[in-house]
Enquirer: 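One structure coming up, written as structure tokens, with questions to follow.
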Amino acid sequence: MQRIVTRIGMDKIAHLFGSAFLTLALGHFIHWAIASFIVLALGVAKELWDGVFNKRDLLADAIGVVIGTIVTII
């Protein structure tokens with residue numbers, strides 16, 4: 001497990017789990033598609049706010065949104 005964390009990076013794992021959690025949480029209050037869009041938009045906004053657009057962070061966000069959406073739908 002440590003090798004996976006080292007290879008992927010704790011920041012990417014935080015992006016993935018954070019996006020999954022936000023999508024899941026929002027999905028309980030609003031439609032899952034709207035929740036997914038909002039969380040992806042927040043991920044893009046965060047990258048723009050950082051000043052450096054990191055595609056891997058955004059990919060981790062997108063994977064987290066997919067996971068959160070699937071769990072919400074199920």
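It should be emphasised that the depicted structure is a prediction, and the values quoted were computed from it without experimental measurement.
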Enquirer: Find the distance between OG1 (T72) and CD1 (I67) and round it off to the nearest 0.5 Å.
Expert: 11.5 Å

Enquirer: Looking only at heavy atoms, which two atoms of A60 and H15 are closest? And how far apart?
Expert: CB-CB, 3.7 Å

Enquirer: Mind checking who shares a hydrophobic cluster with I73, ILVMFWY linked at side-chain heavy-atom distances under 4.5 Å?
Expert: W32

Enquirer: Just distance, no hydrogens or angles: give the donor-acceptor pairs under 3.5 Å from side chains in residues 42-49, sequence neighbours left out.
Expert:
from: K46; atom 1: NZ; to: D50; atom 2: OD1; distance (Å): 3.4
from: K46; atom 1: NZ; to: D50; atom 2: OD2; distance (Å): 2.5
from: E47; atom 1: OE1; to: N54; atom 2: N; distance (Å): 3.1

Enquirer: Hey, is CZ on F29 packed in by over 12 heavy atoms from elsewhere, all under 6.0 Å?
Expert: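 Check fails, neighbour count at 12 or below.
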
Enquirer: Show the nearest heavy-atom pair for residues T23 and A35, with the distance to one decimal.
Expert: O-CB, 4.1 Å

Enquirer: Pick out which of D61, I63, L40 makes a side chain to side chain contact (heavy atoms under 4.5 Å, CB included) with S19.
Expert: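 By the side chain to side chain contact (heavy atoms under 4.5 Å, CB included) criterion, S19 pairs with just one of D61, I63, L40: D61.
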
Enquirer: Is a donor from one side chain sitting under 3.5 angstrom from an acceptor on the other, for S36 and T69?
Expert: yes

Enquirer: Using 0.5 Å steps for rounding, measure from the CG atom of L16 to the CG atom of L59.
Expert: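 Answer rounded to 0.5 Å: 9.0 Å.
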
Enquirer: How long is the span from the NE2 atom in H31 to the CD1 atom in I34, to the nearest 0.5 Å?
Expert: 7.0 Å

Enquirer: With hydrophobic residues grouped by side-chain heavy-atom distances under 4.5 Å, do L24 and V66 end up in a single group?
Expert: no

